[in-house]
Amino acid sequence: MSTGELLGIEPHELEFPFELKKQISCPLQLSNKTDNYVAFKVKTTNPKKYSVRPNTGMVLPRSTCDIIVTMQAQKEAPPDMQCKDKFLLQSARAKDGATTKDITPEMFTKGAGHTVEECKLRVIYVSPPQPPSPVPEGSEEGSSPRGSVSENGNANDSEFTNARASISKLTEEKNNAIKQNNELRQELELLRREGYKNRATGVSFLFVIFIGLLGIILGYLMKKT
């Protein structure tokens, strides 16, 4: 943290993860180290390139103030990613109860008996964070590939188990159907046999009756002769 008698500043360098055609912001925090109201003002060597919100303000005693510095989208990268832009933060004591409306340019003009602290902040471009590169499944570095293989293995085992259970169920249903079919055939065969026996018994009984009637008739005729 860059410090003075009035304000503490964090960070003391403004780092922007540079990307083409993208607006990028960097936070800045001011900490009032005194029991007085402190006014501040932020300037830059390249005002068209950056916006500062707020660029002026009042920090209450023993409190903090957050500032957002935004770099406008750039069409091309600087050579070797080097940046010469700088910021100047000025701070001065203010009367108790002062607000942003009470801030005047004269408050940041150095004069006899009037203390103005200044802190220069430089801009640094850094490479944006890169996404993690994919690791081959056979690599032993890192645990993600092995975890992925394990998850895939568990999924395949589960699918195989479900398929085997389905096949077993279908086989059981097929066997039950064959068994029921055989039982029905046996019952039909029994019914056929019983029907044949009944028909045979009926024919024999009729034959006996016929023979008996024939004997009676013959006996009657013999007696008559």
Margin query: Taking transitive links into account, so neighbours of neighbours count too, which hydrophobic residues share a cluster with Ile124 at under 4.5 Å side-chain distance?
Written below: Val126

Checklist line | Nearest non-hydrogen partners of Lys43 and Gln90, listed with the distance | finding: CE-OE1, 3.4 Å

Notebook entry, point to check: Taking all non-hydrogen atoms of both residues, which atom of Phe18 and which atom of Glu76 are closest, and how far apart?
Noted result: CZ-O, 3.7 Å

Next item on the list: Drop me the distance from Lys33's NZ to Arg62's CZ, to the nearest 0.5 angstrom.
Entry: 9.5 Å

Check: So, for Phe108 and Ala92, which heavy atoms are closest and what is the spacing to 0.1 Å?
Finding: CE2-N, 4.4 Å

Notebook entry, point to check: Are Phe87 and Leu28 close enough, and set up right, to give a side-chain contact (heavy atoms from CB on, under 4.5 Å), and what steps lead you there?
Noted result: CA-CA 12 Å; Phe87 284 81; Leu28 183 67; over 6 Å; no

Note to self: Can a donor-acceptor pair be found, under 3.5 Å and without considering hydrogens, that links the side chain of Gln29 to the backbone of Thr64?
What the structure shows: no

Next item on the list: State yes or no: do Leu6 and Val116 share one hydrophobic cluster built from I, L, V, M, F, W and Y residues joined by side-chain heavy-atom distances below 4.5 Å, directly or via other members?
Entry: no

Check: Can Leu7 be reached from Tyr37 by stepping across I, L, V, M, F, W or Y side chains whose heavy atoms are under 4.5 Å apart?
Finding: no

Next item on the list: Could you tell me the separation between the CG atom of Leu89 and the NE2 atom of His12, rounded to the nearest 0.5 Å?
Entry: 14.5 Å

Next item on the list: Can you see which heavy atom on Pro17 is nearest to which on Pro128, and at what distance?
Entry: CB-CA, 4.0 Å

Next item on the list: Nearest 0.5 Å please: distance from the CD atom of Glu15 over to the SG atom of Cys83.
Entry: 12.5 Å

Next item on the list: Kindly compute the distance separating OG1 (Thr34) from CZ (Arg93), expressed to the nearest 0.5 Å.
Entry: 6.0 Å

Margin query: With clusters defined by side-chain heavy atoms of hydrophobic residues (ILVMFWY) lying less than 4.5 Å apart, directly or transitively, does Leu121 cluster with Val38?
Written below: yes

Checklist line | Results of side-chain contact (heavy atoms from CB on, under 4.5 Å) for Thr104 - residues two or more places apart only | finding: Glu106, Met107

Margin query: So, using side chain to side chain donor-acceptor pair (under 3.5 Å) as the criterion, who are the partners of Ser25 when residues are at least two apart?
Written below: Thr70

Checklist line | Gln72: side chain to side chain donor-acceptor pair (under 3.5 Å) partners, not counting sequence neighbours | finding: Gln23

Next item on the list: Search all heavy atoms of Pro27 against all heavy atoms of Pro11 and return the closest pair with its distance.
Entry: O-CD, 3.4 Å

Next item on the list: Could you tell me the separation between the CE atom of Met71 and the CD1 atom of Ile24, rounded to the nearest 0.5 Å?
Entry: 4.0 Å

Item checked: Approximate separation, where rounding is to 0.5 Å, of Asp66 CG and Ile68 CD1 -> 7.0 Å

Check: Asp80: what forms a salt bridge (Lys or Arg N to Asp or Glu O under 4.0 Å) with it, not counting sequence neighbours?
Finding: none

Notebook entry, point to check: Side chains of Asn46 and Thr44: is there a donor and an acceptor less than 3.5 Å apart?
Noted result: no

In a table with atom names and distances, give each donor-acceptor pair under 3.5 Å that connects a side chain of residues 47-60 to protein atoms at least two apart or in another chain.
| unit_1 | atom_1 | unit_2 | atom_2 | d |
| --- | --- | --- | --- | --- |
| Lys49 | NZ | Asp85 | OD2 | 3.0 |
| Lys49 | NZ | Tyr125 | OH | 2.5 |
| Tyr50 | OH | Asp85 | OD2 | 2.6 |

